[in-house]
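Here's the structure, in structure tokens; my notes come after.
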Protein chains: 2
Amino acid sequence: MRRFKIPEVTVGRLSLYLRCLNELEEEGIEVVSSAELGRRCGVNPAQIRKDLAYFGEFGTRGVGYYVKELMQDIKRVMGLNRTWEVALVGVGNLGTALLRYKGFQRHGFKLSVAFDIHTEGKEVPEGCVLYPASEMERVVKEKGIKMAIVAVHYSQAQEVAERLARAGVKGILNFAPMRIRPPKKVVVKNVDMGTELEILAFYLTMRGAK
Amino acid sequence: MRRFKIPEVTVGRLSLYLRCLNELEEEGIEVVSSAELGRRCGVNPAQIRKDLAYFGEFGTRGVGYYVKELMQDIKRVMGLNRTWEVALVGVGNLGTALLRYKGFQRHGFKLSVAFDIHTEGKEVPEGCVLYPASEMERVVKEKGIKMAIVAVHYSQAQEVAERLARAGVKGILNFAPMRIRPPKKVVVKNVDMGTELEILAFYLTMRGAK
DNA sequence: AGTTGTGAACCGATTCACAGCG
DNA sequence: CGCTGTGAATCGGTTCACAACT
């Protein structure tokens, strides 16, 4: 089977498999069955096989999947066999933390430029350049940046998204507590920490905590 | 209909409705139909009515929903008509940003204690007390804290979760890039920023960006 | 007339079960 | 024989359509 509409949950699980395969590789394990991989990452084996089947036939019947090969295959289909330059908009508390967060590099994402209305007194790490927000369109366009993280005040999130879209950005990860409506031809992922805590509160209340 | 198994997506949407109702209230609108609310937050009206029907009958036929009433009802069923004390574990880049993040208070969550292996030289905001990680079980138990945010190195996330569970915590929001397996009787929500970016990378690659 | 609340139909994702292949 | 790849069965959430109600 190949390439029709791939559900987002499937893509999320590919990322999960990648993490798990990393561990297997570190343990020196060379081959893994869908049963074992499923046990390790808490996913039904048939689910794993279906997920992978969207993109091709990566396994060997009677054997399983070769760990290194499968990692490469997943990275390829996910577009992770390269470095993605990412722009950060909003260098406040959260933005600064995200800039310093080492995890992104490890996954091939490089926060190479940052924007804020106020640039004075703001520190950005080595390898990242801070610009005033007014320069956003120009810099993003010039550098050909396609991915951005939005960590501004919620009242500005939608407008920033539109401006990024006009500058050529195709994917936005939004941390502002306000759902951004995707501009034309742009993929938006909203990460809402407030909502996550509220969901927890709900389940705790249901179960009669406190 | 009342109280069986409520899907997590439903709970997430309740949180979304709440945001939207807030805006309506600020605009001075007193009554809203599921059609209008749906238009505003991008959800099918039938979906909204079904979501609410899990918990009771909050609307008035021929009229719609009274904004203030519905807000109170949703807050009540979600357990948000109170303050939740939350413990933060891991006061690094991300943890510090979360401590300073004003959004939590606004939603009734109070980060009143924080833990880290190293406490020297670490600043926490007014109203929050920083303890060495070794004090975690004692403090959490004494204060009766039921909810925690984990922002430690991924290698320690699972262990921290187990310790929190033993101390009486019932809900964990995990920011470490490693899925925590829920300890018995604990609800865990994983927020994985790396995975979110990878999902974006996938869709951008699919659409042939860059 | 207008809008809710809900059974029925629909749709998509998950799991099962087995044929196909190494 | 063992494990993958996949059609069929199942499950659960979404949408439709309308009866119930104000």
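A note on names: the letters A, B, ... follow the listed sequences, proteins ahead of strands, and every chain is numbered from 1. Note that the structure is a prediction, hence the values are computed from the model and not measured.
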[X] to [Y] - nearest heavy-atom pair and separation:
X        : Y        : result
A/Ala157 : A/Asn174 : CB-OD1, 4.3 Å
B/Thr205 : A/Met78  : OG1-O, 3.8 Å
A/Val186 : A/Pro182 : O-CB, 3.5 Å

Could you give the [atom1]-to-[atom2] distance, from [X] to [N], as a whole number of Å?
X       : N      : atom1 : atom2 : result
A/Asn44 : D/dA9  : CG    : C1'   : 14 Å
B/Leu52 : C/dT3  : CG    : P     : 16 Å
B/Ile48 : D/dC16 : CD1   : P     : 13 Å
A/Glu57 : C/dG22 : CD    : P     : 10 Å
A/Tyr54 : D/dG7  : OH    : P     : 13 Å
A/Phe55 : D/dT4  : CZ    : P     : 18 Å
A/Arg61 : C/dC18 : CZ    : C1'   : 11 Å
A/Phe58 : D/dT6  : CZ    : P     : 11 Å

Taking only side-chain N and O atoms of [X], does any of them lie within less than 4.0 angstrom of OP1 or OP2 on [N]?
X       : N      : answer
A/Ser34 : D/dT4  : yes
A/Arg49 : C/dC18 : no
B/Tyr65 : C/dG5  : yes

Minimum-distance nucleotide (side-chain atoms of A/Ala46 versus D/dG5, C/dT15, D/dA17): C/dT15

Please tell me which of the listed nucleotides, C/dG22, C/dT14, D/dT6, lies nearest to the side chain of A/Ala53? D/dT6

B/Asp116 and B/Tyr131 side chains, donor-acceptor separation under 3.5 Å: no

Using salt bridge (charged side-chain N to carboxylate O under 4.0 Å, His left out), reason through A/Glu137 and A/Lys141 one step at a time and then give a plain yes or no. CA-CA 6 Å; A/Glu137 284 88 335; A/Lys141 215 175 272 180; over 6 Å; no

Indicate, yes or no, whether a donor-acceptor pair under 3.5 Å links the base of C/dT15 to the side chain of A/Lys50. yes

Would you mind telling me which residue lines up with the more 5' stretch of DNA chain C, A/Gly62 or A/Val9, judged by nearest nucleotide? A/Val9

